[in-house]
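Fair warning: this is a prediction, and the values are worked out from it, not measured in the lab.
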Amino acid sequence: MTVVRPARAKRATGTEAAARRGIDMQSWGLPWILPAAVLVIGLVYFAIGYTGFVSTLDWNGFILSAPDFIGAGNYAELVGDNVFWGALWHTLYFFIITFTVQTAVGFILAALLHSRVRLGAVYKVIIFVPTVLAPATMAPVFRQIFDADGQLNWLLQHVGLGWLSQPWLASPSTAMGVVMVVTVWQWTGMTFILYYAAMSQIDSEILEAARIDGAGGVRTMRSIIWPMCRGTTGALAILGLIGALKTFDVPYLVTKGGPNHGTEFLGTYIYHTMVQEKHFGYAAAVAVILLVLAIVGGVASSVRSRKGAN
């Protein structure tokens with residue numbers, strides 16, 4: 001008995017020492033995470049809460065102007081707002097089309113550049129460059145290209161397709177097409193890079209076995225490479241959905257949400273309502289709806305991606 005008791009005491013002492021070391025490490029790590037915690041809690045979550053509070057007010061945003069509390073009045077007004085529902089619809093089919101095109105083009109380019117292509121590094125840079133360019137610098141260029149007297153109509157007339165010439169930015173249907181073209185041009189490089197990195201993780205022995213079994217390039221891409229890049233596709237879907245919900249820069253800089261709200265998105269609608277109409281409460285309500293949709297869409301896409309991976 002006398003031999004066992006010191007051993008137990010020793011083990012208990014070692015456990016207590018380890019616990020104390022853990023507490024010491026946690027206390028030492030707290031100062032390092034405190035700035036980030038203050039930033040997230042004090043700025044981000046405060047801003048979200050304050051936006052939710054403003055959404056219950058009828059207020060023009062001026063400090064000297066007393067706001068009127070109207071509760072859910074702004075949200076009730078949203079139900080009958082055709083511009084708001086139009087912006088939601090634009091966001092939906094904008095996401096579907098741009099995500100589909102970017103995924104197809106980025107995947108094909110990544111597969112092609114994984115083969116033995118001369119000057120492959122140069123092509124990678126060319127494909128990725130639009131991603132790092134600021135939309136503010138490229139918007140005037142695209143406005144000029146798609147103008148009624150722009151380079152696109154000039155080119156169509158000189159190749160015998162003058163009947164296709166039109167004021168691309170003056171019609172709601174073609175203006176939305178221009179916004180989609182600019183977005184695809186800008187973000188396909190990011191899709192390409194992510195697919196290229198995913199394909200680099202595929203074991204070359206699997207691809208070699210497929211070639212030995214007689215699988216061609218298209219069959220290998222469809223049956224092996226594409227399924228093994230499913231996780232990347234899911235991540236791109238989440239990023240694309242959230243990006244579509246908060247789209248602002250391209251439609252505002254190229255079309256300013258027009259013509260006749262034909263390229264209006266939730267982001268541009270919030271800006272117009274808040275800055276131009278000075279309806280801060282209503283704009284805050286749209287922002288809250290945008291946040292909820294982004295959270296729900298991101299969670300739903302994540303859950304679906306996990307189920308697909310399993």
Side-chain angles (χ1 to χ4, degrees), residues 51 54-55 57-61 70 72-102 134-136 138-150 152-153 164-187 240-297:
T51 301
V54 173
S55 69
L57 305 176
D58 182 11
W59 187 37
N60 59 10
I70 58 175
N74 289 321
Y75 297 96
E77 187 178 348
L78 281 175
V79 176
D81 189 346
N82 293 330
V83 178
F84 169 74
W85 292 109
L88 277 180
W89 169 242
H90 295 160
T91 301
L92 177 61
Y93 76 79
F94 173 85
F95 162 69
I96 293 174
I97 294 177
T98 55
F99 171 71
T100 302
V101 175
Q102 289 173 203
M138 296 307 302
V141 177
F142 282 104
R143 288 182 63 88
Q144 175 62 33
I145 292 174
F146 290 99
D147 190 72
D149 298 324
L152 178 59
N153 285 338
L164 289 176
S165 300
Q166 58 182 299
W168 300 94
L169 299 178
S171 173
S173 58
T174 54
M176 179 59 74
V178 172
V179 173
M180 291 181 183
V181 168
V182 176
T183 302
V184 170
W185 173 84
Q186 181 182 11
W187 293 109
L241 178 59
I242 296 176
L245 285 170
K246 63 189 189 75
T247 295
F248 172 79
D249 47 6
V250 172
Y252 180 77
L253 293 172
V254 177
T255 64
K256 295 191 181 299
N260 194 25
H261 300 290
T263 57
E264 197 78 80
F265 289 81
L266 293 177
T268 58
Y269 191 39
I270 292 171
Y271 178 82
H272 291 154
T273 305
M274 179 176 291
V275 176
Q276 297 179 356
E277 300 178 8
K278 305 301 180 183
H279 198 340
F280 272 58
Y282 195 73
V286 179
V288 171
I289 297 297
L290 172 59
L291 175 64
V292 172
L293 290 175
I295 294 174
V296 172

What heavy-atom pair brings [X] and [Y] nearest, and what distance separates the two atoms?
X	Y	answer
Q186	V250	OE1-CG2, 3.9 Å
A285	N74	CB-CB, 3.8 Å
P172	G262	CB-CA, 3.9 Å
T255	R143	N-NH1, 4.0 Å
T51	A287	CG2-CB, 4.1 Å

Is [Y] close to [X] at the side-chain level, that is, under 4.5 Å between some pair of heavy atoms?
X	Y	result
T91	T247	no
Y75	V288	yes
L57	I70	no
L290	I270	yes
V54	W59	yes

Item to complete: Go through the side-chain N and O atoms of T98 and Q102 and say whether any donor and acceptor fall under 3.5 Å apart.
Response: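 The answer is no; no qualifying pair exists.
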Worksheet item: Can Y282 and D81 be counted as having a side-chain donor-acceptor contact under 3.5 angstrom?
Response: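 The answer is yes; a qualifying pair exists.
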Nearest 0.5 Å, please: how far is [atom2] in [Y] from [atom1] in [X]?
X	Y	atom1	atom2	answer
L293	L88	CG	CG	6.0 Å
F94	L245	CZ	CG	10.5 Å
Q144	L152	CD	CG	11.5 Å
H261	T268	NE2	OG1	9.5 Å

Worksheet item: Stepwise, does the side chain to side chain contact (heavy atoms under 4.5 Å, CB included) test hold for F280 with N60?
Response: CA-CA 5 Å; F280 272 58; N60 59 10; 5.7 Å; no
Which pairs would a plain distance check flag for residues 174-185, meaning a side-chain donor or acceptor within less than 3.5 Å of a matching protein atom at least two apart in sequence or in another chain?
{"from": "T174", "atom 1": "OG1", "to": "W168", "atom 2": "O", "distance (Å)": "2.7"}
{"from": "T174", "atom 1": "OG1", "to": "S171", "atom 2": "O", "distance (Å)": "3.2"}
{"from": "T183", "atom 1": "OG1", "to": "V179", "atom 2": "O", "distance (Å)": "2.9"}

Worksheet item: When the aromatic ring centroids of F265 and F248 are compared, is their separation below 6.0 Å?
Response: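 Ring centres of F248 and F265 not closer than 6.0 Å.
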Practice prompt. Measure from the side-chain N and O atoms of D147 to the backbone N and O of D149, and report whether any donor-acceptor pair falls under 3.5 Å.
Written response: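 Yes, the answer is positive, given that a donor and an acceptor are paired below the 3.5 Å cut-off.
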Worksheet entry | Single hit among H279, E264, K256 for side-chain hydrogen bond (donor to acceptor under 3.5 Å, both in side chains) with H272 |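 Of all the options given, the one that passes is E264.
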Discussion item. Could you go through F84 and L266, starting from their C-alpha distance and side-chain angles, then the distance that decides it, and tell me whether this counts as side chain to side chain contact (heavy atoms under 4.5 Å, CB included)?
Written reply: CA-CA 7 Å; F84 169 74; L266 293 177; 3.8 Å; yes
